[in-house]
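Please read the structure below before turning to the comments.
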Amino acid sequence: MLKRAMFRWGQLSSRVFAVEFDLRAEPLYFSLSSNPQVLHHAHQQLFGDEGKLFSLHVHCDNRTEKARTHAEIKHKLSVALSRDCDVFEASSFTPDVKNSVVKGFFIRDKSTTTLSEDMLKTLQQSKSVCVFSYKREGQYCWQELWSPVDQVQESVRQYITPAAAAQHHPSTLNIRNSDVFYCMKEAYEVLQECTDIIPESKEVLKLVDEQLETSRGDGFPVIVIEGLDATGKTTLTEALRESLNATLLKSPPQCLAPFRQRFDSEPPLIRRAFYALGNYITAAHIGKESLRAPVIVDRYWHSTAAYAIATAVGGRVENLPKPGSELYQWPEDLLKPNLVLLLTVSPEERLRRLRGRGQDKTVEEAELEMNQLFRLKVEETYKRIQNPACIIVDASPSPQEVLQQVQHLIRNEMSLVNNQLPMRQDKKPCNPSTHH
Ligand SMILES: Nc1ncnc2c1ncn2[C@@H]1O[C@H](COP(=O)(O)OP(=O)(O)O)[C@@H](O)[C@H]1O
Ligand SMILES: Nc1ccn([C@H]2C[C@H](O)[C@@H](COP(=O)(O)OP(=O)(O)O)O2)c(=O)n1
């Protein structure tokens, strides 16, 4: 109760609330005031006369517990309230202040039953969940802490006040160390915090510890191939392996395959930490293998960051962190490749290839197929990542033509005189073991 009260009175006054009312538009922003304020037209749409309105926020000091509670509530709301309720992602934040976001949901219940109230009653029993209700009164709307028995102690009304759009979309404020990790230690700590609830974390950490002893000196070139699913990465990387006599590696590495499904079902914080650690294991493999032969890598940090950012950022491409943002910077302690190529094909061609392959798609890929916005955000993020940035390759021609185009690019970029790749590097990538 103490925490709930603190959240209510200590934080609310300086906070802005954002509701992702229409994913193709700006979120609706509002703040709270003790004086009645006339609603704008846009806000009237959200706080319209129809139905009962609630918001709920998850706030808790333990980040893994908070992430899991949020994911659990999201699942429950989508399963139980899908028919008569609109459920929107909502957040409460201090404008442009990093890590200030408290995530939650906004619920518009148009049913004649008490379905949402019954569910909120159960959810509210958790000390980390805080529920508000909203009431219309003419041109005004106010918010108060919700109580299922309608006996709100200290029933102070806070009036909804339309607020200006924030410079940085709220979903970008908490990305660092929640969705994307910029050094190994941060991702490692997330899995350390989960060892009780996810026993597999221990095994993953052990694999990380075992791999990181390897160092990398000057070696053969390291070339990463990136792109959305079905853009032709497997086809191209296999062909490059043959033609360059190279070693082919992947991130996440094969040794993490038995754990992938488990971590894919976890909320972003844990799932993304798992993929981040996968890159460090692959980096150790690259270090070893590049002493012997050129190395081709199928997905690496660009994928980890691009999928994580595109999932974390709600709505439109415009909501992504601005180009040049520090969120697009390569982790300081992760081995850098010499070249990163991004395969791109038109959405139509990609769908044709996905269907042709006839494989089961991961949930994320199925979502991607339906969700044009998400696909655009992944691709745009790939392109914004810096140091190393990726070179875009049109992967729509035939496999043979794509291979030739890429061989040509590699030769040019790496200043090679002929097709053989034995060469020494100019750049010295950083060595993961020195930062361990
Ligand atoms: N250049 C290409 N032209 C036409 N089809 C392609 C080409 N490259 C790959 N494909 C086909 O598209 C599908 C996806 O390719 P794949 O290499 O598995 O992509 P990814 O590894 O990026 O998911 C496969 O069925 C593959 O045979
Ligand atoms: N290096 C990597 C590789 C994949 N990921 C994540 C990003 C997405 O959630 C999925 C995409 O993987 P998926 O299995 O669809 O990829 P493939 O095309 O099968 O190689 O994995 C990552 O975070 N980091």
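Just the heavy atoms: all of them, side chains too, but no hydrogens, waters or symmetry mates, feed the values below. Everything numeric here is computed off the predicted structure, so don't read it as measured data. Both counts, for ligands and for their atoms, begin at 1 and track the order of listing. Along the sequence shown, residues are numbered consecutively beginning with 1.
The closest side-chain heavy-atom distance from Asn387 to Lys336 is below 4.5 Å.
Residue-ligand proximity: Lys233 is placed with a non-hydrogen atom under 4.0 Å from ligand 2. Not a single heavy atom of Gly278 sits closer than 4.0 Å to an atom of ligand 2. At least one heavy atom of Pro399 sits less than 4.0 Å from an atom of ligand 1. Contact between Ala230 and ligand 1 is present, with at least one heavy atom of the residue lying under 4.0 Å from the ligand.
Among protein heavy atoms, atom 27 (O) of ligand 1 sits closest to Thr235 OG1, 4.2 Å. The nearest heavy-atom contact from the protein to atom 21 (O) of ligand 1 is Thr234 OG1, 2.4 Å. Regarding atom 25 (O) of ligand 1, its nearest protein heavy-atom neighbour is Arg357 CB, 4.0 Å. Here the protein heavy atom with the shortest distance to atom 5 (N) of ligand 1 is Arg353 NE, 3.5 Å. Of the protein's heavy atoms, Gly232 N, 3.2 Å lies nearest to atom 19 (O) of ligand 1.
Considering all non-hydrogen atoms of both residues, Arg353 and Val345 come closest at NH1-CG1, 3.7 Å. Residues Pro170 and Ser91 come closest through the heavy atom pair CB-OG, 3.8 Å. The minimum heavy-atom distance linking Glu226 with Tyr300 is given by the pair OE2-N, 2.8 Å. Minimum interatomic distance between Asn319 and Thr172 (heavy atoms only, all atoms of both residues): O-CG2, 3.3 Å. Tyr188 and Asp209 make their closest contact through OH-OD1, 2.7 Å (heavy atoms, listed as atom of the first residue, atom of the second, distance). Closest approach of Phe54 to Ser116, counting heavy atoms only: CE1-OG, 3.7 Å.
Ligand-side atoms of ligand 2 in range of Thr304: 1 (N), 2 (C), 22 (C), 23 (O), 24 (N), range being under 4.0 angstrom from any heavy atom. Below 4.0 Å from some heavy atom of Arg260 lie the following atoms of ligand 2, by number and element: 10 (C), 11 (C), 12 (O), 13 (P), 14 (O), 21 (O). In the vicinity of Asp229, heavy-atom distances shorter than 4.0 Å reach the ligand 2 atoms 17 (P), 18 (O), 19 (O). Of all the atoms in ligand 2, the ones that sit under 4.0 Å from a non-hydrogen atom of Ser251 are 1 (N), 2 (C), 3 (C). Ligand-side atoms of ligand 2 in range of Arg271: 9 (O), range being under 4.0 angstrom from any heavy atom. Each of the following atoms of ligand 2 lies closer than 4.0 Å to a heavy atom of Arg272: 9 (O).
Below 3.5 Å of separation, one finds no N or O of Ser396 facing any N or O of ligand 1. Distances between N or O atoms of Pro397 and those of ligand 1 include at least one value under 3.5 Å. At under 3.5 Å, a nitrogen or oxygen of Tyr300, whether backbone or side chain, sits near a nitrogen or oxygen of ligand 2. Between Asp298 and ligand 1, no pair of N/O atoms sits closer than 3.5 Å. The distance criterion of under 3.5 Å between nitrogen or oxygen atoms is met by Asp229 with respect to ligand 1. Taking any N or O of Arg299, backbone or side chain, at least one lies under 3.5 Å from an N or O belonging to ligand 2.
In this structure, CD1 in Ile223 is found 4.5 Å from CD1 in Ile296, a value given to the nearest 0.5 Å.
Of the heavy atoms in Trp301, none comes closer than 4.0 Å to ligand 2. Residue-level proximity to ligand 2 for Asn279 is carried by the side chain, the only part with a heavy atom below 4.0 angstrom. Proximity of Glu226 to ligand 2, defined as any heavy-atom pair under 4.0 Å, is not found for any part of the residue.
For the residue pair Glu65/Ser128, the side-chain donor-acceptor check at 3.5 Å is not satisfied. Using modelled atom types, one finds a donor on one side chain and an acceptor on the other under 3.5 Å when comparing Ser55 with Tyr134. Donor-acceptor pairing under 3.5 Å is recorded for the side chains of Ser398 and Glu401.
For the side chain to side chain contact (heavy atoms under 4.5 Å, CB included) with Arg15, the lone residue among Leu32, Val102, Val101 that qualifies is Val102.
Under the 6.0 Å cut-off for aromatic ring centres, Phe30 and Phe47 qualify, their centroids lying closer than that. Taking the ring centroids of Tyr307 and Tyr275, they lie at or beyond the 6.0 Å cut-off.
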*asked:* salt bridge (Lys or Arg N to Asp or Glu O under 4.0 Å), that's the test. Do Asp179 and Arg272 meet it? Break it down for me.
replied: CA-CA 6 Å; Asp179 299 286; Arg272 302 306 176 189; 5.6 Å; no
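Of the candidates Phe263, Tyr275, Tyr307, Phe274, Tyr275 brings a heavy atom nearest to atom 6 (C) of ligand 2.
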